[in-house]
**Student:** 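Input: one structure, supplied below.
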There are 2 protein chains.
Amino acid sequence: MRADARRNVEGIRQAALDVFRTGGLTTPLDEVARAAGVSKGTIYHRFGSRTGLIDAVVEDLVAARIDTIIETVDALDGPLPRFEEYLRRTWLLQFDEPAANDVLMRVLPDSEPLTTLFERACHFGRRLLHEAQSAGVVRDDITPDDLVTLILERGVIVRACDQQTRDDYRRRLDFILRGLRTHR
Amino acid sequence: MRADARRNVEGIRQAALDVFRTGGLTTPLDEVARAAGVSKGTIYHRFGSRTGLIDAVVEDLVAARIDTIIETVDALDGPLPRFEEYLRRTWLLQFDEPAANDVLMRVLPDSEPLTTLFERACHFGRRLLHEAQSAGVVRDDITPDDLVTLILERGVIVRACDQQTRDDYRRRLDFILRGLRTHR
DNA sequence: TCTGTCGTTGACTGCATGGTCAAGAAGCTA
DNA sequence: TAGCTTCTTGACCATGCAGTCAACGACAGA
């Protein structure tokens, strides 16, 4: 690969990280191209497709955020705090990071890196749900699918309702969490 | 107004009722035109704009559904059942009727008929919330704005997640309702 | 420096939508 | 039925996006 081409590939990756970070994975590629100082054609030439570019950056873009949640929550004690903090942090991540939200919403169901990241988050969540239900602190009629739905729904909301403040958003999360607990 | 024009206006109204009923208020006007057997231009000529057409049919399309909820719920006893049944029925209406959902989501904030319908539903909801909070059966930290948000959010979800079954959707509504109650 | 291969460009197609308007069609009245 | 007025048409413009490709440009080895 020629020197200028290598330079461009790296530039595009960086630009994609920047642009996707703030705008999510569905940002038009023209914006990435502009940010990288190349033409859209170059991106397609180098990465094959929109999905190709996303596959090339999504790990760097999102993995750390998900891993941080898993590690932080896994350090907590008590099945209820663990379960609730997992959900709370995931939901806040969705609010804060459009790209992470896109991963959790399975915006590209056919992308393997996206699926891997999504599964990592979900798998951990399922474990916590099971833990919490076994301990009797979370309703028994909540299924693993319900958990995925709760996250997916939050993603849809975050995308569509961008006017609500983070504080209000956060406050309302507690209403949902309350509804998942068992009460006597 | 010429006879054929009058015929067309009525045909367009009927077609709009049909098409909007199943597809919501954001259905492309070409579809309404096709259903009415006229061209798109005729609709614009007769109703001025997309909004003009919607204003002309939305009352017939949605008012009855909202009124039914209000009447049915108002016949119930007990602040908690009243409040919860209001929300449950509103949420189910959003699932069942895309057009009603568009009204409740304020898809056209500048349309006066839409605003009127929306306000009718919300006003009643606020009353029930107040009732329920005064009776101590619903959390005090829920604001009227939260109520609107709960409905708006459900609307966003219904629009985006069209694959979930009605039964699952309904079952999950109860999780939310549980979270709004006071427990002990 | 020359030259051929690799790389980049940006105009182009395609698609879906909202909305407009000149020209032709149709109803109505005398 | 003639002719005027009203109506309708559908091609057209504009926007925003994905993705393509022929032609031009630049690197690097000889």
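To find a chain, count down the sequence lines: A is the first, B the second, and so on, and within it residues start at 1.
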**Student:** Whether R50(A) contacts dA18(D) is assessed here as follows: a side-chain N or O lying under 4.0 Å from the phosphate OP1 or OP2. Is that the case?
**Tutor:**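 It does, given that an N or O in the side chain of R50(A) lies less than 4.0 Å from OP1 or OP2 of dA18(D).
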
**Student:** Does R2(A) place a side-chain N or O at less than 4.0 Å from the phosphate oxygens OP1/OP2 of dA28(D)?
**Tutor:**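 Checking R2(A) against dA28(D): no side-chain N or O falls below 4.0 Å of OP1 or OP2.
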
**Student:** Take atom CZ of R6(A) and atom C1' of dA28(D), then tell me their distance rounded to the nearest Å.
**Tutor:**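 Going from R6(A) (CZ) to dA28(D) (C1'), I get 12 Å.
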
**Student:** Given the structure, check if the side chain of K40(B) and the base of dG19(C) hold any donor-acceptor pair shorter than 3.5 Å.
**Tutor:**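 Donor-acceptor pair under 3.5 Å: yes.
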
**Student:** Of the nucleotides dT9(C), dG7(C), dC7(D), which one has an atom closest to the side chain of V38(A)?
**Tutor:**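 Within the option list, the nearest is dT9(C).
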
**Student:** How many Å lie between NE2 on H45(B) and P on dT9(D), as a whole number?
**Tutor:**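 Taking NE2 of H45(B) and P of dT9(D), I get 11 Å after rounding.
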
**Student:** Nearest-Å distance, CG (L29(A)) to P (dG19(D))?
**Tutor:**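 Whole-Å distance recorded here is 7 Å.
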
**Student:** Using whole Å, what does the distance between atom P of nucleotide dG19(D) and atom CD1 of I54(A) come to?
**Tutor:**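 Distance check: I54(A) CD1 to dG19(D) P gives 9 Å.
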
**Student:** Looking at dC17(D), dC6(C), dC7(D), which one has an atom nearest to any side-chain atom of P28(A)?
**Tutor:**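 It is dC17(D).
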
**Student:** Please indicate whether R171(A) has more than 12 foreign heavy atoms, meaning atoms of other residues, nucleotides or ligands, lying under 6.0 Å from its CZ.
**Tutor:**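 Count over threshold, so yes.
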
**Student:** What's the closest nucleotide to the side chain of A5(B) if the choices are dC7(D), dG7(C), dT9(D)?
**Tutor:**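 Closest nucleotide among those given: dC7(D).
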
**Student:** How many Å lie between CZ on R46(A) and P on dT9(C), as a whole number?
**Tutor:**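 Distance, rounded to whole Å: 11 Å.
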
**Student:** Round to the nearest Å and state the distance from D30(A) atom CG to dA11(C) atom P.
**Tutor:**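 Going from D30(A) (CG) to dA11(C) (P), I get 13 Å.
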
**Student:** Looking only at the side chain of S39(A) (C-beta and beyond, no hydrogens), which of the listed nucleotides dG7(C), dG10(C), dC7(D) gets closest?
**Tutor:**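 Nearest to the side chain of S39(A) among the choices is dG10(C).
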
**Student:** Which word best sums up how the rings of F124(B) and Y86(B) line up, parallel for under 30°, tilted for 30 to 60°, or perpendicular for over 60°?
**Tutor:**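 Geometry flag for Y86(B) against F124(B): perpendicular rings.
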
**Student:** Less than 4.0 angstrom between a side-chain N/O of R7(B) and OP1 or OP2 of dC7(D), yes or no?
**Tutor:**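 Indeed not, no polar side-chain atom of R7(B) lies that close.
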
**Student:** Let me know the distance between CE of M1(A) and C1' of dT8(C), rounded to the nearest Å.
**Tutor:**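 So the two atoms are 13 Å apart, to the nearest Å.
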
**Student:** Taking atom CZ of R178(A) as the centre, does the number of heavy atoms from other residues, nucleotides or ligands within less than 6.0 Å exceed 12?
**Tutor:**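 Counting neighbours around CZ of R178(A), 12 or fewer heavy atoms of other residues, nucleotides or ligands fall under 6.0 Å, so no.
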
**Student:** Verify the contact: side-chain N or O of T42(B) to OP1 or OP2 of dT9(D), cut-off strictly under 4.0 Å; return yes or no.
**Tutor:**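 So the side-chain polar atoms of T42(B) do come within 4.0 Å of the phosphate oxygens OP1 or OP2 of dT9(D), strictly under.
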
**Student:** Rounded off to whole Å, could you give me the CG-to-P distance for the N8(B) and dA25(C) pair?
**Tutor:**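 About 17 Å, once rounded to whole Å.
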
**Student:** Between Y44(B) and dT20(C), is there a side-chain N or O to OP1/OP2 distance below 4.0 Å?
**Tutor:**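 No.
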
**Student:** Could you state whether V9(A) and L53(A) fall into the same hydrophobic cluster, counting links through intermediate Ile, Leu, Val, Met, Phe, Trp or Tyr residues with side-chain heavy atoms under 4.5 angstrom apart?
**Tutor:**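 Same cluster: V9(A) reaches L53(A) through Ile, Leu, Val, Met, Phe, Trp or Tyr contacts under 4.5 Å.
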
**Student:** Who passes side-chain contact (heavy atoms from CB on, under 4.5 Å) against P98(B), sequence neighbours left out?
**Tutor:**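 P98(B) satisfies side-chain contact (heavy atoms from CB on, under 4.5 Å) with no other residue.
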
